[in-house]
Amino acid sequence: MRLSRSLIPTLKETPAEAQIASHRLMLRAGLVRQTSSGIYAWLPAGWKVLQNISRIVSEEQANIGAQEMLMPTVQSSELWKQSGRYDAYGPEMLRITDRHGRELLYGPTNEEMLTDLVRQSIKSYRDLPQCLFHIQWKFRDEVRPRFGVMRGREFLMKDAYSFDLDYEGAVVSYRKQMLAYMRTFQRLGLKAIPMVADTGPIGGNLSHEFIVLAPTGESGVFYDAAFEDIDWEKSNFNAHDPADLENFFQTATGSYAATDEKHDEAAWAEVPEARRREGRGIEVGHIFYFGTKYSEPMGLKVAGQDGGQLVPHMGSYGVGVSRLVGAIIEAFHDDAGIIWPDSVAPFPAVIINLKPGDAACDAMAEQAYAAFKGQALLDDRDERAGAKFADADLMGHPWQIVVGPRGAKTGVVELKRRSTGEKVEVSLEDALARIG
RNA sequence: CGGGACGUAGCACAGCCUGGUAGUGCGCCUGCUUCGGGAGCAGGAGGCCGGAGGUUCGAAUCCUCUCGUCCCGACCA
């Protein structure tokens, strides 16, 4: 994209409503604009980030065999009455009435809908297990939206649902999702720790929250430093090998980790003092096993091997995709602005033409821009150098390729790595090669 | 849902107490100078002061209602 032709409205000053770093920076970097309390429009650069995150989430879901689909945002109240949640969900559910007086709702989640879709088509144990997911906008009428996109009312969520024959199968599905989550957060550049969460009436230990460490996080966290030593990139767990999956689960949940609500002083005292870590964190994912909570009341049954009827065991698995944008910025920013991890950056690089109109600069900048096949951002604005540098740092592009009149003559650009601040003068070819 | 604030130009704010017809900085437009870390000078555009009633000769300012937004707390991806 050419910045001169783009709607990426950066701000020098911080809008008054933004209290935390990510909210401030998302507004200042021109990623989003608020349209109502807790509801945001995603401007071009912000939308690219959201898509990049979605793609990674989606790929890791596919890696464990989950199938992507898309369910509607608007749902009928009928199914929710079957599950008993139409009343139970309360005022957080946005209820709508259509012109015929039918009760509709803007979906806060999709257990009922998918259970219905599955019961229509799945009749035999041979068809299980199944795991399906979609990435779709949700609406929860939060009492108090805040922190920008981190606690919005409308938000983008990946929600997956597993259907297994029995508890043992459901546990396997659960662990696969956990593995997919660890890989997903890893690829996003985040250090996310699974922490035991409340399971509600179902009991057991099959609910985990995934907490990203960030100093501005909402919950306090306590964890054993042993977790930090796990090299997820090298540990190549195979989701489809039972022993591997078991090994993974023990690795991921084997050491102490809890949010302040579930913190257990007795267990904490057993962690060697040198390994105790305290901090703050943001919940970016939550996974549940809930047995037959929906399959039972909604009448999802399959024929078993012996001809009898079985009620499938289910689980659901959520990732707050739009919240992740905020969480990533909370984890990666400095005084000058955002520092995007390469995997989610809206543009892999910005090419800063310091002197638009100068033949040599224009030629070199265009050459660099062409090398990215339109994926990079070209700052071709007629602005002063300082403004361009400041905006580039603010927007957080992983790489800055600076084309100036000095270097344009000798075929040299300045290549800056946003994360380290390191600058080198190299040929354009070298710069492109380093960016890869 | 309890508690507390605030709505004045694209952004940040002053003016309100003590009514007299709207201002500052940044941003935006034009010109000249400048030009590798948010330039200087000169000129200019942009606001029915959130909305509706009321009081008054006169309301951004006082009163009532209303809509919107934010903050603290309890709840959630």
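Chain letters run A, B, ... following the sequence lines, proteins first, then strands; residues in each count from 1. Values reported hereafter were calculated over all heavy atoms of this structure, with side chains retained and with hydrogens, waters and symmetry mates removed.
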Practice prompt. Hunt down the Watson-Crick or G-U wobble partner of B:A12, both distances under 3.5 Å, from any strand shown, or write none.
Written response: B:U24
Item to complete: Find the distance between CG (A:L117) and CE (A:M71) and round it off to the nearest 0.5 Å.
Response: 7.0 Å
Worksheet item: Is the shortest side-chain N to carboxylate O distance from A:D159 to A:K138 below 4.0 Å?
Response: yes
Worksheet item: Want to settle it: does A:P405 or A:E92 sit nearer the 5' end of RNA chain B, counting the closest nucleotide to each?
Response: A:P405
Worksheet entry | Phosphate OP1/OP2 of B:C71: any A:R144 side-chain N/O under 4.0 Å | yes
Item to complete: Please give the nucleotide sitting opposite B:C41 as a Watson-Crick or G-U wobble pair, both distances under 3.5 Å, or none.
Response: B:G31
Worksheet item: How far, in whole Å, is B:G27 from B:A45 if one measures between their C1' atoms?
Response: 13 Å
Practice prompt. Please examine the side chains of A:L354 and A:V402, heavy atoms only from C-beta on, and report whether any two atoms are closer than 4.5 Å.
Written response: yes
Practice prompt. Compute both the distance and the angle, then confirm whether A:R95 meets the cation-pi test with A:Y86: under 6.0 Å from the six-membered ring centre, within 45 degrees of the axis.
Written response: yes
Practice prompt. Please determine, for the side chain of A:R384, which listed nucleotide (B:G37, B:U34, B:U69) has the closest atom?
Written response: B:U34
Item to complete: Using the P atom on both, measure B:U18 against B:G3 and round to a whole Å.
Response: 28 Å
Worksheet item: Using a cut-off of 4.0 Å on non-hydrogen atoms, how would the nucleic acid contact of A:G404 be classed: base, sugar-phosphate, or nothing?
Response: base
Discussion item. Could you check whether any side-chain heavy atom of A:V413 comes within less than 4.5 Å of a side-chain heavy atom of A:E425, counting everything from C-beta outward?
Written reply: no
Worksheet item: Which value, rounded to the nearest 0.5 Å, describes the distance between A:T115 atom OG1 and A:E112 atom CD?
Response: 7.0 Å
Item to complete: Let me know, please, whether A:V149 or A:D391 comes out on the 5' side of the other along RNA chain B by nearest nucleotide.
Response: A:D391
Worksheet item: Can you check the A:L50 CG to B:A77 P distance for me, whole Å?
Response: 19 Å
Discussion item. Can you confirm if the NZ or CZ of A:R175 lies within 45° of the ring axis of A:F249 and under 6.0 Å from the centre of its six-membered ring?
Written reply: yes
Discussion item. Considering every strand and a 4.0 Å limit on heavy-atom distances, what is the contact class for A:R28: base, sugar-phosphate, or nothing?
Written reply: base
Item to complete: Quick one: label A:D393 by what it contacts on the DNA or RNA (base, sugar-phosphate, nothing), any heavy atom closer than 4.0 Å.
Response: base
Worksheet entry | Pairing partner of B:A52 (Watson-Crick or G-U wobble, both distances under 3.5 Å) | B:U64
Fill in: Proximal nucleotide (of B:G38, B:G36, B:A77) relative to the A:E142 side chain
B:A77
Discussion item. Considering every strand and a 4.0 Å limit on heavy-atom distances, what is the contact class for A:A387: base, sugar-phosphate, or nothing?
Written reply: base
Item to complete: Take atom CG of A:D382 and atom P of B:G38, then tell me their distance rounded to the nearest Å.
Response: 17 Å
Worksheet item: Given B:C35, B:C71, B:C26, which nucleotide is nearest the side-chain atoms of A:K12?
Response: B:C26
Discussion item. Using a heavy-atom cut-off of 4.0 Å across all strands, would you classify A:E383 as base, sugar-phosphate, or nothing?
Written reply: sugar-phosphate
Worksheet item: Can you tell me how far P in B:C26 sits from the matching atom in B:C41, rounded to whole Å?
Response: 9 Å
Fill in: Geometric class of the A:W42/A:W137 ring pair [parallel <30°, tilted 30-60°, perpendicular >60°]
tilted
Practice prompt. State, yes or no, whether a side-chain contact exists between A:E68 and A:F133 at a heavy-atom distance under 4.5 Å.
Written response: yes
Fill in: Atom C1', compared across B:A42 and B:G7: separation rounded to whole Å
35 Å
Worksheet entry | Pairwise C1' distance, B:A74 and B:U64 [rounded to whole Å] | 33 Å
Worksheet item: Among B:U69, B:C71, B:G36, which is the nearest nucleotide to the side chain of A:S36?
Response: B:U69
Worksheet item: Counting only non-hydrogen atoms, which of residues 179-188 of chain A are less than 4.0 Å from RNA chain B?
Response: none
Item to complete: In whole angstrom, give me the gap between the P atoms of B:C65 and B:C71.
Response: 26 Å
Fill in: Cation over ring face, A:R417 and A:W399, 6.0 Å, 45°
yes
Worksheet entry | Assigned partner base of B:A74, Watson-Crick or wobble definition, under 3.5 Å | none
Worksheet item: Does the ring of A:F155 lie flat against the base of B:A77, closer than 5.5 Å centre to centre with planes under 30°?
Response: yes
Worksheet item: Is there a side-chain contact between A:W340 and A:I328, using heavy atoms and a 4.5 Å cut-off?
Response: yes
Worksheet item: Expressed in angstrom and rounded to an integer, what is the separation of A:Q34 atom CD from B:C71 atom P?
Response: 9 Å
Worksheet entry | Base paired to B:U69 (Watson-Crick or G-U; both N/O distances under 3.5 angstrom) | B:A5
Discussion item. Below the 4.0 Å mark, does B:A77 have OP1 or OP2 next to a side-chain nitrogen or oxygen of A:S322?
Written reply: no
Discussion item. Suppose you measure atom C1' in B:C70 against the same atom in B:U33; what distance do you get, rounded to whole Å?
Written reply: 44 Å
Worksheet entry | Separation of the C1' atoms in B:C1 and B:C17, to the nearest angstrom | 34 Å
Discussion item. Output the rounded distance in Å from NE2 (A:H23) to P (B:U69).
Written reply: 13 Å
Discussion item. Using whole Å, what does the distance between atom P of nucleotide B:A77 and atom CZ of A:F290 come to?
Written reply: 13 Å
Discussion item. Rounded to whole Å, how long is the line connecting atom CG of A:L354 with atom P of B:G37?
Written reply: 9 Å
Worksheet item: Looking for any heavy atom pair under 4.0 Å, which part of the strands does A:V321 touch: base, sugar-phosphate only, or nothing?
Response: nothing
Distances under 3.5 Å between nitrogen or oxygen atoms of protein and nucleotides 10-12 of chain B:
from, atom 1, to, atom 2, distance (Å)
B:C11, O2, A:E13, OE2, 3.2
B:A12, OP1, A:A16, N, 2.6

Worksheet item: Are the side chain of A:D334 and the backbone N or O of A:G337 linked by a donor-acceptor pair below 3.5 Å?
Response: yes
Practice prompt. Calculate the interatomic distance between A:F147 atom CZ and B:U69 atom C1'; express it in whole Å.
Written response: 16 Å
Discussion item. Would you say NZ of A:K409 has more than 12 non-hydrogen atoms from neighbouring residues, nucleotides or ligands within 6.0 angstrom?
Written reply: no
Practice prompt. Select base, sugar-phosphate, or nothing to describe what A:G152 touches, counting heavy atoms under 4.0 Å on all strands.
Written response: base
Fill in: Nearest-angstrom distance from the residue atom CD1 of A:I39 to C1' of B:U69
13 Å
